[in-house]
Amino acid sequence: MPQPSGKRRVAVVGVALSDCGRLDNITAHALHAQAARRALADSGLDRSLVDGLASAGLGALAPAEVADHLGLRPTWVDSTSVGGATWEVMAAHAADAIAAGHAEVVLLVYGSTARADIKAGRRTSSLSFGTGGPAQFEAPYGHTLIAKYAMAARRHMHQYGTTLEELAEVAVQARANAAHNPHALYRSPITVDDVLAAPLIADPFTRLHCCIRSDGGCAVLLAAEEYVADAACAPVWVLGSGAALSHTTMSEWEDFTVTPAAVSGRLAFERAGLTPQDIDVAEIYDAFTYMTLVTLEDLGFCAKGEGGAFLSGGTLTTGGALPVNTDGGGMSACHPGMRGLFLLVEAVRQLRGEAEPGRQVHRADGTPPRLAVASGTGGWFCSSGTVILGRD
């Protein structure tokens, strides 16, 4: 397995989900604690070894507030917040810190009650992320987040002939994967016709082109190679990573059909000494169907403009040529907000061969996947983080 020279190897030694789905009687803090406890139990390591914490999205001082709630006193912290790509970027930061000897065991933890908060009237669905700074020039024209994605999808359709039916296949295949996930919020099969006939949200997206809204959390524990022998599970090694920022306003985005994953993916594969053709399973941020399609192109799994043809015929299902979002993704399994950490959890479980029958991916020889990529996207393709993971 390729490894950076001259540095300590870094492994994921524990992963876990908190309760997920429809959770009306639990707080986001409690979900953080639940996920952290479960990830530590999964690792078999003592909580006293945790000297690093990465957290975002909760409270005014996210890492401090979460650390206090968990009873941790970390000496390495990260509160990077770049939307859905946050957790892949944080995982890269944590791996670099551990490799350099600045931390030993780092906990990445997230929890959100986004769905429950809206249902209870504790927050409202906003039309814009804000009207200050660069956003002030677009907000008056109704540039909601989904409208930005819809515009980008329309450009890809115009430029490359991508069809609504091809975009719909992303949702259909995600649901097929979710059917085998007992923890997925939606498991009933859907068809391309179902996606096309769903209520229109932002042209060309219907409701089924969009991710679900759920509650939930998860945690990932990374550790230096010295701790692997004491861990309860086989290690999953961090092989390479990359991050990239693109734009803030749509007017500054040079090409709606190219995302920052084109850069973060290239860097991650180069640093891992691997190519997209080596990958057995991919976990990709999927707030909207177009996100999955264009990210597959930008990571190099197919040529630019060929995403629609690439994913046809069940390519993305657990038995397909490139299983993608094997838990059902944000389209069907769960999406509490910044979903990027869930991608890492699912990638690790697949590599460890722990997924339920029907959604566990196998190589041609019957063994679990050996290499996985997790790629998160933030904002409206404003940021990207990509992490390559592998087992011995």
[X] side, atom [atom1]; [Y] side, atom [atom2] - distance, nearest 0.5 Å:
X      : Y      : atom1 : atom2 : answer
Tyr227 : Ile98  : OH    : CD1   : 9.5 Å
Ser48  : Arg73  : OG    : CZ    : 14.5 Å
Ser112 : His32  : OG    : NE2   : 8.5 Å
Asp46  : Asp230 : CG    : CG    : 11.0 Å
Gln34  : Cys20  : CD    : SG    : 8.5 Å
Ser81  : Met338 : OG    : CE    : 5.0 Å

Return yes if some donor-acceptor pair links the side-chain N/O of [X] with the main-chain N/O of [Y] below 3.5 Å, else return no.
X      : Y      : answer
Gln350 : Val361 : yes
Arg339 : Cys334 : yes
Arg115 : Ile212 : no
Asp286 : Thr292 : no
Ser383 : Val82  : yes
His209 : Ala202 : no
Thr295 : Met291 : yes
Arg155 : Thr257 : no
Glu346 : Leu343 : no

query: Going through the checks in order, is the side-chain contact (heavy atoms from CB on, under 4.5 Å) test met by Leu389 and Val238?
result: CA-CA 5 Å; Leu389 300 169; Val238 179; 4.0 Å; yes
field: Distance-only side-chain donor-acceptor flag, Trp76 / Asp51, under 3.5 Å
entry: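 Their side chains do not contain a donor-acceptor pair, so the 3.5 Å distance test is not met.
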- request: Give the intermediate values and the outcome of side-chain hydrogen bond (donor to acceptor under 3.5 Å, both in side chains) for residues Glu297 and His156.
  value: CA-CA 12 Å; Glu297 294 179 349; His156 199 281; 3.0 Å; yes
What residues form a salt bridge (Lys or Arg N to Asp or Glu O under 4.0 Å) with [X], not counting sequence neighbours?
X      : result
Asp365 : none
Glu354 : Arg352
Glu254 : none
Glu356 : Arg359

query: How is the hydrophobic cluster of Leu267 composed, in terms of its other members, when Ile, Leu, Val, Met, Phe, Trp and Tyr link through side-chain heavy atoms under 4.5 Å apart, directly or indirectly?
result: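 Members alongside Leu267: Val263.
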Taking all atoms of both residues into account, what is the closest heavy-atom pair of [X] and [Y], and its distance?
X      : Y      : value
Trp87  : Leu344 : O-CD1, 3.9 Å
Leu58  : Ala28  : CD1-CB, 3.8 Å
Gly300 : Gln277 : O-NE2, 3.7 Å
Ala11  : Val228 : CB-CG2, 3.9 Å
Leu53  : Pro63  : CD2-O, 3.4 Å
Thr386 : Glu88  : N-CB, 4.1 Å

What pairs with [X] under side-chain contact (heavy atoms from CB on, under 4.5 Å), at least two apart in sequence or on another chain?
X      : result
Pro368 : Gln360, Arg391
Glu138 : His143, Lys148, Thr249, Met250, Ser251
Thr27  : His29, Ala30

message: Could you go through Leu351 and Val348, starting from their C-alpha distance and side-chain angles, then the distance that decides it, and tell me whether this counts as side-chain contact (heavy atoms from CB on, under 4.5 Å)?
response: CA-CA 5 Å; Leu351 293 175; Val348 169; 5.7 Å; no
Extract all donor-acceptor atom pairs below 3.5 Å that involve side chains of residues 167-178 and protein atoms in other chains or at least two apart in sequence.
unit_1, atom_1, unit_2, atom_2, d
Glu169, OE1, Gln173, NE2, 3.0
Gln173, OE1, Thr315, N, 3.2
Gln173, OE1, Leu316, N, 2.7
Gln173, NE2, Leu311, O, 2.8
Arg175, NE, Ser332, OG, 2.8
Arg175, NH1, Ser188, O, 2.7
Asn177, OD1, Thr318, N, 3.0
Asn177, ND2, Leu316, O, 3.2
Asn177, ND2, Val324, O, 3.0
Asn177, ND2, Asn325, O, 3.3

Contact check, side chains of [X] and [Y], non-hydrogen atoms, under 4.5 Å:
X      : Y      : answer
Val15  : Val236 : no
Glu283 : Phe342 : no
Thr377 : Phe288 : no
Arg38  : Leu17  : no
Ile279 : Ile388 : yes
Asp215 : Pro336 : no
Leu341 : Cys218 : yes

message: Test side-chain contact (heavy atoms from CB on, under 4.5 Å) on Leu45 and Val13; report intermediate values, then the result.
response: CA-CA 9 Å; Leu45 300 180; Val13 293; 3.9 Å; yes
task: Decide side-chain contact (heavy atoms from CB on, under 4.5 Å) for Val195 and Thr206; before the verdict, give the C-alpha distance in whole Å, the side-chain angles of both, and the deciding distance to 0.1 Å.
output: CA-CA 7 Å; Val195 178; Thr206 67; 4.0 Å; yes
query: Who are the ring pair (Phe, Tyr, Trp, His ring centres under 6.0 Å) partners of Phe269, not counting sequence neighbours?
result: none
task: Decide if the gap between the ring center of Phe205 and the ring center of Tyr149 is smaller than 6.0 angstrom.
output: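 Centroid separation for Phe205 and Tyr149: 6.0 Å or greater.
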- request: Considering only NZ, NE, NH1 and NH2 on the basic side and carboxylate oxygens on the acidic side, decide whether Asp298 and Arg266 come within less than 4.0 Å.
  value: no
- prompt: Between Arg9 and Asp392, is there a side-chain N and carboxylate O pair less than 4.0 Å apart?
  reply: yes
query: Same cluster for Tyr160 and Val258 if Ile/Leu/Val/Met/Phe/Trp/Tyr side chains link at under 4.5 Å?
result: no
- request: Applying side-chain hydrogen bond (donor to acceptor under 3.5 Å, both in side chains), name anything that partners Ser384, two or more places apart in sequence or on another chain.
  value: Ser264
field: Those residues that, when tested against Asn181, pass side-chain hydrogen bond (donor to acceptor under 3.5 Å, both in side chains) (two or more places apart)
entry: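 None.
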